[in-house]
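First comes the structure, then the notes that go with it.
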Amino acid sequence: MGKKYDFQKIEKKWQSVWRREGTYEPSFGKAQKPFYNLMMFPYPSAEGLHVGNMYAFTGSDVYGRFKRMQGYDVFEPMGLDGFGIHSENYALKIGAHPMKQAKISEKRFYKQLEVIGNGFSWNERLETYDPDYYKWTQWIFVQMFKNGLAYRKKQPVNWCPSCKTVLADEQVLQKSQIPNPKSQTNSKSQIQNHKHEIRIGVCERCDTPVVKKELEQWFFRITKYAGRLLKNLGTQQGGGIDWSERVKIAQRNWIGKSEGAEIDFEIAGGVAPSYVLLHGYTGTPKNDFRPWLKKELERRGAKVHIPSLPHTKNPRVAEQVEFVLKNVPFNKNTVILGHSLGAIVALKVLEKLKQPVRSTVLVAGFTENNFLDHDRFDEQTFDWKFDAKRIRANAGDLRILRDTTDAIVPPNQAWKLQNLFGGVITEFAAQEPHVCGKEEPEVLRSCIDSIRVFTTRPDTLFGATYMVLAPEHPLVASLLAADSRRLDADSRGILKNKDEVKKYIEKAKKKSEEERTAEGKDFSTGTGQAKTGVELKGIRAINPATKEEIPVWVADYVLAGYGTGAIMAVPAHDERDWEFAKKYKLPVKMTVCPHYPAQTCPILDTAYEGEGHLVDSGKFNGMASETAKWEITKFVGGARKTQYRLRDWLISRQRYWGPPIPLVFCEHCAAQINADGTRINADNIGENLRSNRRKSAFTKGELENPGWIAVPEDKLPVRLPFVKDFQPKGKGESPLGTVKSFYETKCPKCGGKARRETDVSDTFLDSAWYYIGYLATSDKRQGKVNPFENSLAKKWLPVDTYIGGAEHSVLHLLYSRFLALALQDIGVLHFSAKGGSAPGGEEPFTKFRAHGLLIKEGSKMSKSKGNVVNPDEYIRKFGADTLRMYLMFLAPFEQGGDFRDSSILGISRFLERAWKLFANQRHGAGDMEQVRKKGELDRLLHKTVKKVTEDIENLRYNTAISALMILLNKIEETNPPMSHVACRIFPKLLAPFAPHLAEELYQTQIDADRKAADKRGYVSIHLEQWPIYDPKLIEEKTFTLIIQVNGKVRDTMPAPAGTSEQEAKEMAFDSGKIKGFIHGGKIVKTVYIPGRLINIVTESC
RNA sequence: GGGCAUGUGGCGGAAUUGGCUUACGCGUAGCACUCAAAAUGCUAUGGCCUCACGGCCGUGUGGGUUCGAGUCCCACCAUGCCCACCA
């Protein structure tokens, strides 16, 4: 009898040795082969770690230990994602303050994490609520803001009435509910007699139904990166980053690329009776797009005036305005268009007009005396102050065209115009920079009232029989606001049922997601939902293909946030449009395309009382759909367009427990930007204005969000104050809004009175950069290093292997990628080239694997079911090694596992047996039989090394463990004299799974050796070399030849390796069993698979 | 409604990627040790037929390809996860 396997003693002992020796602390600066092995850090919200966390951490740790033994300098950090709603709600629940509770949770979590025995670099841990950490979270916000990637916008957002905060789209879960007829009083008959479920959006944390609330919020412009985020994922065929395919698919779907076209539908009466085109500096009525535009407008029946402005080479705006007012008639139906300097003239004209015009178009306009290509205009001849109020009142519908290729007008001028005068900006690339092409279709479009739609099926355009606008579409508001100024002769383009429309829109806006879904579901179709809508009476659009006038509707089945917020409805080819058309008796016209031959159109097959009929698409009749798409787009002057489903990242949270958003609002600076363009850059006079890089007094973010000023970087962090009453207030404002000493501050720009932003940022911002933070924890604590400029970041990033839950597919993982790309673009983050030129060298996580879900006896673990397994109990009873190994043995790590109490005994027995065998070594003198067996055992040993190595690399821990069991069984069975080498290999193979036991066994062996020769001191097994197998030893000398007759196994016999087909045949026919099965039947052929089997095929088969 | 998985003994799961289905473990039964139990060890363990030798049938269902299919193709069924009025 040897020593007893006292796991408690062993585990405690080695954990303290490892900690003391710094076994898992890589040498950051000197590391030769840095390997960043990252595991998603936990949010310490609940009662402590549950076994699911432990499952995931262990899986990552096994891999890290394996890589460490393979000679890599492995960095395996751990920290806590302690900010955020999870922790805050937990504190609320138990009546504690999150700031204090955090410290308590922290202790408990770290203790638990240590007891598991993972090889974490304990010196480098971080907590997101540490001011030294969130200082940099805020710093990121400032970088995003400065570079125009953060903006403020008022829009309906997801609001959780229970958490009293907004939620990102990604945080709203769709949940099915069986409708309860009693509570659905407003949707009566539709719901009865149906088993259908309805979907409602609920808060991912508390399950409360989410409502829409209109709030002004901060957003990060993730949409700008949609294309790159998608591209780096690669395609279904392959390429892209090495990630679990299911996560890549989830991200692809979430980004949701679709390719189609944008097509304009003119509104009937959308061409104004008269136009005034004002040219710019050195321009004439005859140059640029003006002659073409005049022709186009006149062709449509309009009268076009292009005054030849005086002193065009030495302009004096006042004189030009006088000239225009004298020579051109204006009325309520005039459209005034100003190009470049002509835009200034137009604005000044508007100041002087007695009554409003129909609409104003500013093409490549500006408000400031600054240009990219030439010097300023003479200050004396210009008045750069604008009467914004008068201009707003007189401009009618204001349209601002921003040319993205413009080399003259600075890029921010369009926003400035919008800030001053309102209006809608359209960005486009002009035919010639600064909109100087002979034909500029975008300009023509802006002169005519039209509706732009996005469609993926332009090939069905001939079948578009009506249009639908989202309730939030700007045209709807504009029509509702329009007075009678458009009441011209035929009174077209005037909304006749304003009240009805207004009512519908108000109702739609008020509707919560729940209500919309509940009352929108149409069970009669089985698939879709009953759509509601209202016609814009008096408004007709012209189908650009058929030239037919079609009605225009408003309906909330069209989403404002996607595409252009307007659609062309093709009821014959789109199920949603079909339902709507059926309900409101709208015409259905089918186009002929190979997808839906006339007779089998799936939608028209169903009974419809109205007349569905074929439309003649002229030369496009029957054209292949893919060809027709682009041909028809060209035919109607549309443009190909790629659309993404992805929305910008809503980052504000009206909660307490998070990093305050590091911005202040300053009325004074807002006024500067809004009211008077010239003063903003007053300090720039005399500068070389040709440079577009010149210093501006305001950053991009500040110009785009007037009044919002970033807290200077040296003033970070903006500390979260201790607020006793941190309960969310539910008024759309964070509890910080009640703390005067917090929000009252001075503007960093002008020194005046200012108010701090009182919202905090989304938790996902904290976790989006923590992998960078880990590399600066030591230095950061000394307050020295910017984690982003830290040389270690360059050396160790990107992360080599990242393991985590698939539930973060579209949250954390997408945000982290976005931020990594953005920060690299901004120039504050640099990755090493250690990943080589692998796809996505700019990506933060080179390899990502999603682990599976750990369930308990077939069902999901949850507090409500009361089946959550507490790991502490099992560790006490069986030891951490046993629990670790058991969890890894359950099933493939990427698939998940089913935790069953009973089966843990198998692992427990296995480790006991390993202990018995190796802790109490037996060196028996061998007889001949044992020597022979030893040869076999050596082969098995090397085969096991191969198998375990390959399996761990592929995260197939269950089969690696099974291989170890087979090896142990065999050793016990043969009880051979084992070499010192073999006695070391087994513990090494065991080390990633059962680190404590392996260390103990190994050190026992070393001690034995040491007595003989080896004088080395303590070297942890976890820093030793991973075993290498000898391929020659693995080769088998014999194999089992399988003999089949007609594909059925009839006999097996041992055969030497390298048996030829002829030899195998002879062996097969010699077998008495085989003869019986052939029955003398004629042999058609034999199939021989070398080293495996021979199959005899007879005639009767 | 769409997308992605998965479906193998009483259970968790293996299967060299088209070649002996059920490795490894749990459970169960029997035996050994024990006064007895636990622990441990040994043996057996897919179903059906047979005293037996042995045979037949078996990887959700139905078809197909192949000398040979758990694996590939088609259709269907079931379960799970993700998404969902995205034009």
Side-chain angles (χ1 to χ4, degrees), chain A residues 173-174 199 201 245-250 252-254 256-258 260 453-457 460 464 468 516-517 520-522 525-531 555-559 561-570 573-577 579-580 643-647 806-807 809-810 852-853 855 857-858 860 886 889-892 895-907 909-910 912-913 916 947 956 958-966 968-969 972 1040-1052 1073 1084-1089 1091-1098 1101:
Chain A
L173 305 178
Q174 297 299 322
R199 287 177 301 104
E245 197 54 35
R246 57 183 161 136
V247 174
K248 292 214 269 184
I249 288 166
R252 266 185 224 119
N253 290 343
W254 189 260
K257 180 179 177 170
S258 45
V453 303
F454 172 74
T455 176
T456 53
R457 295 290 307 278
T460 64
V468 187
R516 270 197 199 191
T517 320
K521 191 100 190 169
D522 180 357
T525 65
T527 56
Q529 291 155 1
K531 293 157 178 51
D556 63 7
Y557 84 90
V558 172
L559 308 174
Y562 185 77
T564 60
I567 61 155
M568 62 179 211
V570 188
H573 300 280
D574 183 284
E575 223 166 321
R576 295 155 300 183
D577 298 342
E579 276 166 31
F580 193 76
Q643 241 342 300
Y644 296 95
R645 207 192 71 111
L646 185 70
R647 310 290 162 81
E807 69 273 19
S809 296
V810 289
L853 195 69
I855 56 172
E857 266 140 20
K860 214 169 174 172
Y886 172 61
F889 182 61
L890 285 173
Q895 184 187 305
D898 192 352
F899 193 100
R900 278 161 199 265
D901 280 352
S902 52
S903 13
I904 195 168
L905 286 172
I907 296 290
R909 285 173 194 151
F910 169 73
E912 287 276 2
R913 280 160 54 209
K916 257 185 218 159
K947 173 109 180 111
R956 292 157 56 134
N958 57 331
T959 47
I961 292 169
S962 142
L964 289 173
M965 288 173 167
I966 293 168
L968 187 69
N969 289 349
E972 283 183 339
T1040 306
L1041 178 70
I1042 296 155
I1043 304 169
Q1044 297 181 335
V1045 177
N1046 295 329
K1048 290 190 172 151
V1049 179
R1050 296 304 183 185
D1051 198 7
T1052 62
K1073 285 185 192 168
V1084 179
K1085 65 169 170 178
T1086 57
V1087 180
Y1088 180 59
I1089 308 296
R1092 198 165 303 280
L1093 62 75
I1094 183 157
N1095 186 13
I1096 298 162
V1097 186
T1098 66
C1101 182

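Letters go in sequence order (proteins before strands), and every chain restarts at 1. Hydrogens, waters and symmetry mates are skipped; everything else that's a heavy atom, side chains included, is used.
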How many Å lie between [atom1] on [X] and [atom2] on [N], as a whole number?
X         : N      : atom1 : atom2 : value
Asp556(A) : C85(B) : CG    : C1'   : 9 Å
Arg645(A) : G3(B)  : CZ    : P     : 15 Å
Arg647(A) : C83(B) : CZ    : P     : 15 Å

Where the side chain of [X] is defined as all heavy atoms beyond and including C-beta, which of [options] is the nearest nucleotide?
X          : options                : answer
Arg909(A)  : G27(B), C24(B), A14(B) : G27(B)
Ile249(A)  : G3(B), C11(B), A84(B)  : G3(B)
Met965(A)  : G19(B), G25(B), U17(B) : G25(B)
Ala891(A)  : C57(B), G13(B), A15(B) : G13(B)
Val1097(A) : C67(B), G13(B), A87(B) : C67(B)
Val1049(A) : A14(B), C20(B), A87(B) : C20(B)
Lys860(A)  : C20(B), C81(B), C24(B) : C81(B)
Leu559(A)  : A87(B), C26(B), G13(B) : A87(B)

Query raised in the report: Would G9(B) be called syn or anti, given that syn covers angles within 90° of 0?
Result: syn
Report task. Could you classify U50(B) for me, syn or anti, using a glycosidic angle within 90° of 0 as syn? Result -> anti
Identified pairing partner of [N], criterion: Watson-Crick or G-U wobble below 3.5 Å:
N      : result
U79(B) : A5(B)
G68(B) : none
U40(B) : A32(B)
U59(B) : none
G18(B) : none

Using a cut-off of strictly less than 4.0 Å, decide whether [X] has a side-chain nitrogen or oxygen near OP1 or OP2 of [N].
X          : N      : value
Asn1095(A) : G19(B) : no
Arg956(A)  : U16(B) : no
Gln895(A)  : G80(B) : no
Tyr557(A)  : A87(B) : no
Asn253(A)  : A84(B) : no

Report task. Could you tell me whether the side chain of Arg647(A) reaches within less than 4.5 Å of the side chain of Tyr562(A), counting heavy atoms only? Result -> yes
**Report entry** pair Lys860(A)-Leu853(A): side-chain heavy atoms closer than 4.5 Å
**Finding:** yes
Roughly how far apart, to the nearest Å, are [N] and [M] at atom [atom1]?
N      : M      : atom1 : value
U61(B) : G70(B) : P     : 12 Å
C24(B) : U71(B) : P     : 24 Å
U45(B) : G25(B) : C1'   : 14 Å
G12(B) : G63(B) : P     : 28 Å
C33(B) : G54(B) : C1'   : 37 Å
G19(B) : C72(B) : C1'   : 14 Å
G10(B) : C82(B) : P     : 31 Å
A78(B) : A87(B) : P     : 28 Å

Report summary line: Of all heavy-atom pairs linking Val558(A) and Ile567(A), the shortest is CG2-CG1, 3.6 Å
Requested in this report: Mark yes or no for a side-chain to base donor-acceptor pair under 3.5 Å between Arg1092(A) and U16(B), with no hydrogen or angle criteria applied.
Outcome: yes
Query raised in the report: Does any N or O donor sit under 3.5 Å from an N or O acceptor when you compare the side chain of Lys1085(A) with the base of C67(B)?
Result: no
Using a 4.0 Å heavy-atom cut-off across all strands, classify [X] as base, sugar-phosphate, or nothing.
X          : result
Ile966(A)  : sugar-phosphate
Ser962(A)  : base
Arg913(A)  : sugar-phosphate
Leu905(A)  : sugar-phosphate
Val1087(A) : base
Leu890(A)  : sugar-phosphate
Ser258(A)  : sugar-phosphate

Query raised in the report: Phe899(A) vs Tyr886(A) aromatic rings, parallel, tilted or perpendicular, using cut-offs 30° and 60°?
Result: perpendicular
Query raised in the report: When rounded to the nearest 0.5 angstrom, what distance separates OG in Ser809(A) from CD1 in Ile249(A)?
Result: 10.0 Å
Query raised in the report: Between Asp577(A) (side chain) and Val570(A) (backbone), is there a donor-acceptor pair under 3.5 Å?
Result: yes
Report summary line: Assert: residue with more 5' nearest nucleotide on RNA chain B, out of Gln1044(A) and Gly906(A), is Gln1044(A)
Report summary line: Assign each of Leu853(A) and Asp577(A) the nucleotide of RNA chain B bearing its closest heavy atom; nearer the 5' end lies the nucleotide of Leu853(A)
Query - For Ile1042(A), the option from Ile1089(A), Leu1093(A), Asn1095(A) that meets side-chain contact (heavy atoms from CB on, under 4.5 Å) - result: Leu1093(A)
